[in-house]
Amino acid sequence: MATYLNFEQKIKNIQDDIESATIRGDAHAQKILQKALHKEITQVYKNMSDYQKLQLARHPDRPYAMDYIELIVKNKYEICGDRHFRDDKAIVCFIGKIGGRHAIVIGEEKGRGTKNKLMRNFGMPHPEGYRKALRIAKLAEKFNLPLLMLIDTSGAYPGVAAEERGQSEAIAKNLQEFAALKIPTISIVIGEGGSGGALALGVADKLAMMQYSIFSVISPEGCAAILWNDPNKLETATKALKITPNELKKLKLIDDIIQEPDIGAHRDKYSAAKAIEQYFLQALDEIEQNETYVQTRYERLMRYGVFEN
């Protein structure tokens, strides 16, 4: 059963009416309702608040990393383990072909269903997850394969065991090493990009966001708790944080915004996957045309935080 958010209820009602008209064989009603559906979709998604975009980024039907990997990576083979402690299932790594190009994909996976979510630790990686990602990135560099990273996490796991094994060091090490990789790297925020847990996979030649994704230094809930100690300030915090793609593009913190299907990636994962594949291939061609892309990457990273009065 598809899940509909409060502001999507009119869309659900029209879709239910279309199904009823289809069962009755009423082609005329179907035609009218399809037009009404398109109009409602355009109106709803055009006028969303930042908080509603946050809800879409966390939508339970939204495609996760494994959904996209299944759709765009051909002849794939999973690579596991960090060779130090264990295999963190919150980070998935595959080698395969994307649009005919050999590539390696690293993604943060939240998991579906209680059992799978527990196995994936709800998409919150431990230190060994980030060390696994770094090991695979170095493997990609060794064999001169481009790297695609799919970001989708509420944040790195904040547990005691993770801190004992060096959570902050593992993230910092990734920031340092990914900045110097001598292969084309592309990162895409596909859902929720939370704090250092997302940043650890966000250092790349191209950093893009899906249209209805978010990228933030802290969750809006955490922000509301720290600044106002009031959960009712959640919407205010969401707007103040400027975590949507359009805001981050204006601040030059991301490079591109990948447009989703009119109905959103949570309703049409196939079109969303195609958009990611096309973006990856186009960005890869653009990066490879620049022989000094490693230096260009470093200079872009050093510009973060620069502002003019």
Side-chain angles (χ1 to χ4, degrees), residues 64-70 72-73 75-98 102-112 115-205 207 280 294 297 301:
Y64 294 151
M66 284 302 300
D67 295 313
Y68 288 127
I69 289 170
E70 289 291 337
I72 69 175
V73 183
N75 302 325
K76 57 185 171 295
Y77 183 84
E78 185 170 10
I79 312 171
C80 303
D82 71 334
R83 299 297 188 268
H84 288 283
F85 184 67
R86 68 172 179 132
D87 182 40
D88 187 349
K89 297 295 185 182
I91 296 280
V92 293
C93 305
F94 286 83
I95 184 171
K97 285 186 175 182
I98 301 177
H102 289 285
I104 282 183
V105 182
I106 300 173
E108 292 170 319
E109 173 62 29
K110 290 182 173 179
R112 296 195 189 280
K115 185 177 180 180
N116 197 253
K117 285 180 180 293
L118 289 171
M119 181 184 72
R120 303 289 185 185
N121 200 38
F122 297 86
M124 295 185 291
H126 287 78
E128 52 270 23
Y130 296 116
R131 291 177 180 130
K132 170 184 176 180
L134 179 56
R135 181 178 81 83
I136 303 309
K138 288 293 186 179
L139 185 71
E141 184 180 50
K142 179 179 179 179
F143 292 102
N144 196 30
L145 296 173
L147 183 62
L148 171 62
M149 293 174 280
L150 303 177
I151 299 171
D152 190 16
T153 181
S154 58
Y157 185 61
V160 174
E163 295 299 329
E164 288 176 342
R165 297 196 296 276
Q167 184 71 288
S168 59
E169 185 276 337
I171 292 173
K173 185 72 171 176
N174 276 24
L175 300 182
Q176 179 185 25
E177 296 289 344
F178 277 59
L181 286 175
K182 294 178 175 62
I183 51 171
T185 55
I186 298 164
S187 287
I188 301 173
V189 183
I190 59 174
E192 190 175 11
S195 193
L199 196 60
L201 297 184
V203 176
D205 294 298
L207 175 57
F280 172 74
V294 177
R297 179 200 306 154
L301 293 171

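Nothing fancy with the numbering, it's 1 onward along the sequence.
Looking at heavy atoms from C-beta onward, E164 lies in side-chain contact with V160 at the 4.5 angstrom threshold. Using a 4.5 Å heavy-atom cutoff, the side chains of K115 and M119 are not in contact. In this structure, Y68 and V73 have side chains that are not in contact, with every pair of non-hydrogen atoms separated by 4.5 Å or more. Counting heavy atoms from C-beta outward, I106 and L147 have side chains that approach closer than 4.5 Å. Proximity of P125 to E108: side-chain heavy atoms (C-beta onward) are separated by under 4.5 Å at one or more points. A 4.5 Å side-chain heavy-atom check between L199 and I171 finds every atom pair outside the cut-off. Side-chain contact between R135 and D82 is absent, with no heavy-atom pair separated by less than 4.5 Å.
Residues passing the side chain to side chain donor-acceptor pair (under 3.5 Å) test with D88, sequence neighbours excluded: none. When the ring-ring contact (aromatic ring centres under 6.0 Å, His included) test is applied to F94, no partner is found at least two apart in sequence or on another chain.
A204 and S187 get closest at one heavy-atom pair: CB-OG, 3.6 Å. Y130 and G197 make their closest contact through OH-CA, 2.9 Å (heavy atoms, listed as atom of the first residue, atom of the second, distance). A133 and I91 get closest at one heavy-atom pair: CB-CG2, 4.4 Å. Of all heavy-atom pairs spanning D205 and R297, the tightest one is OD1-NE, 2.8 Å. Here the closest non-hydrogen pair linking L201 and M149 is O-SD, 3.5 Å. In plain terms, the two heavy atoms of A137 and I183 that are nearest each other are O-CD1, 4.1 Å.
In this structure a side-chain-to-backbone donor-acceptor pair under 3.5 Å is missing from Q167 to P158. When atom types are taken as modelled, the side chain of D67 and the backbone of Y64 share a donor-acceptor pair closer than 3.5 angstrom. Between the R120 side chain and the K89 main chain, a donor and an acceptor come within less than 3.5 Å of each other. Between the side chain of E141 and the backbone N or O of K182, at least one donor-acceptor pair lies under 3.5 Å. Using modelled atom types, one side-chain atom of K117 and one backbone atom of G111 make a donor-acceptor pair closer than 3.5 Å.
In summary, of the residues considered (I104, I188, I69), a side chain to side chain contact (heavy atoms under 4.5 Å, CB included) with L148 occurs for I188 alone.
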Show your reasoning for whether side chain to side chain contact (heavy atoms under 4.5 Å, CB included) applies to V203 and N174.
CA-CA 8 Å; V203 176; N174 276 24; over 6 Å; no
Evaluation steps, side chain to side chain contact (heavy atoms under 4.5 Å, CB included), between Y157 and N121:
CA-CA 8 Å; Y157 185 61; N121 200 38; 3.3 Å; yes
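Distance check, rounded to the nearest 0.5 Å: CD1 of I72 to CG of L150 gives 6.5 Å. Taking CE of M124 as the start and NZ of K110 as the end, the distance is 10.0 Å to the nearest 0.5 Å. Atom NE2 of H126 sits about 13.0 Å away from atom NZ of K132, to the nearest 0.5 Å. Of the inter-residue distances, the one linking L181 atom CG with K138 atom NZ reads 5.5 Å to the nearest 0.5 angstrom.
Between E128 and R131, none of the side-chain N atoms (NZ, or NE/NH1/NH2) sits under 4.0 Å from a carboxylate O, so this pair counts as no salt bridge.
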